[in-house]
Amino acid sequence: VSMIQVLLKESPDLFKVQDHQGQTPLVTLVASSGTFKTFRTIAEKVPDALTFKDAQGQSLAVIAAIHGNKQVLEYLCTHQPSLVEPDVLK
């Protein structure tokens with residue numbers, strides 16, 4: 001059992017916590033090109049964590065696009081299309 005799985009089971013709200021820049025663990029994971037499997041696991045267990053915007057108003061889709069994280073962007077387009085701003089896909 002991974003640490004992520006333990007945290008998801010015991011403290012899923014930790015994945016909604018924002019730092020002083022408005023970033024959540026998912027934002028950090030996407031920006032650092034973390035593993036897609038970890039992203040998907042968190043997204044499936046804590047879907048609310050996908051909706052946060054950082055202090056600059058950037059959504060997870062925008063951050064994924066900026067960092068070239070195509071898998072995350074494809075996931076959002078498929079599973080949460082309402083969270084993907086039309087400008088992101090241009």
Side-chain angles (χ1 to χ4, degrees):
V1 177
S2 75
M3 180 58 78
I4 297 293
Q5 290 170 327
V6 170
L7 289 172
L8 284 168
K9 182 178 180 184
E10 300 297 325
S11 302
D13 285 342
L14 285 176
F15 294 95
K16 299 178 191 177
V17 175
Q18 293 178 286
D19 67 12
H20 68 282
Q21 295 177 328
Q23 295 186 346
T24 64
L26 271 182
V27 169
T28 303
L29 183 69
V30 169
S32 68
S33 298
T35 68
F36 177 72
K37 181 180 177 183
T38 301
F39 166 82
R40 187 179 64 226
T41 299
I42 296 168
E44 289 172 354
K45 299 287 185 185
V46 190
D48 289 350
L50 299 173
T51 63
F52 287 93
K53 292 188 177 187
D54 68 13
Q56 297 174 345
Q58 294 178 325
S59 68
L60 197 57
V62 170
I63 293 166
I66 289 169
H67 293 279
N69 201 324
K70 292 179 184 178
Q71 284 183 301
V72 168
L73 199 50
E74 288 172 0
Y75 178 92
L76 292 171
C77 287
T78 302
H79 294 87
Q80 297 283 345
S82 65
L83 299 178
V84 181
E85 297 91 336
D87 292 349
V88 171
L89 302 176
K90 291 182 180 179

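Side-chain contact between Phe39 and Val30: present, with at least one pair of heavy atoms (C-beta onward) separated by less than 4.5 Å. Looking at heavy atoms from C-beta onward, Gln21 lies out of side-chain contact with Asp54 at the 4.5 angstrom threshold.
Side-chain atoms of Thr28 come within 3.5 Å of backbone atoms of Thr24 as a donor-acceptor pair (strictly under, hydrogens ignored). Checked by atom type and distance alone, the side chain of Gln18 never pairs as donor or acceptor with a backbone atom of Pro25 at under 3.5 Å. The closest donor-acceptor contact from the side chain of Thr78 to the backbone of Tyr75 lies at 3.5 Å or more, if one exists at all.
Between Leu83 and Ala61 the shortest heavy-atom distance is O-CB, 3.9 Å.
The same ILVMFWY cluster, assembled from side-chain heavy atoms under 4.5 Å apart, contains both Leu7 and Leu29. Val84 is not connected to Phe52 by any chain of hydrophobic side-chain contacts under 4.5 Å among Ile, Leu, Val, Met, Phe, Trp and Tyr, and they are in different clusters. Under a hydrophobic-cluster definition in which Ile, Leu, Val, Met, Phe, Trp and Tyr are linked whenever side-chain heavy atoms come within less than 4.5 Å, directly or via other members, Ile63 and Val88 are assigned to the same cluster. Criterion: ILVMFWY side-chain heavy atoms under 4.5 Å apart, direct or through other members. Under it, Leu8 and Leu50 are part of a common hydrophobic cluster.
To the nearest 0.5 Å, the span separating CD on Glu74 from CG on Asn69 amounts to 9.5 Å. For the atom pair CZ (Arg40) and NE2 (His79), the distance works out to 8.5 Å, reported to the nearest 0.5 Å. We find the OG1-CD distance between Thr35 and Gln71 to be 9.5 Å, quoted to the nearest 0.5 Å.
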_Residues Gln58, Val27; criterion side-chain contact (heavy atoms from CB on, under 4.5 Å); working and verdict_ = CA-CA 10 Å; Gln58 294 178 325; Val27 169; over 6 Å; no
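Evaluation of the side-chain hydrogen bond (donor to acceptor under 3.5 Å, both in side chains) rule for Glu44 yields no partner, not counting sequence neighbours.
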Pairs of donor and acceptor atoms involving the side chains of residues 10-17, under 3.5 Å and at least two apart or interchain, shall be tabulated with distances.
residue, atom, partner, partner atom, Å
Asp13, OD1, Lys16, NZ, 3.4

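In this model, no donor atom of one side chain and acceptor atom of the other lie less than 3.5 Å apart for Thr41 and Gln5.
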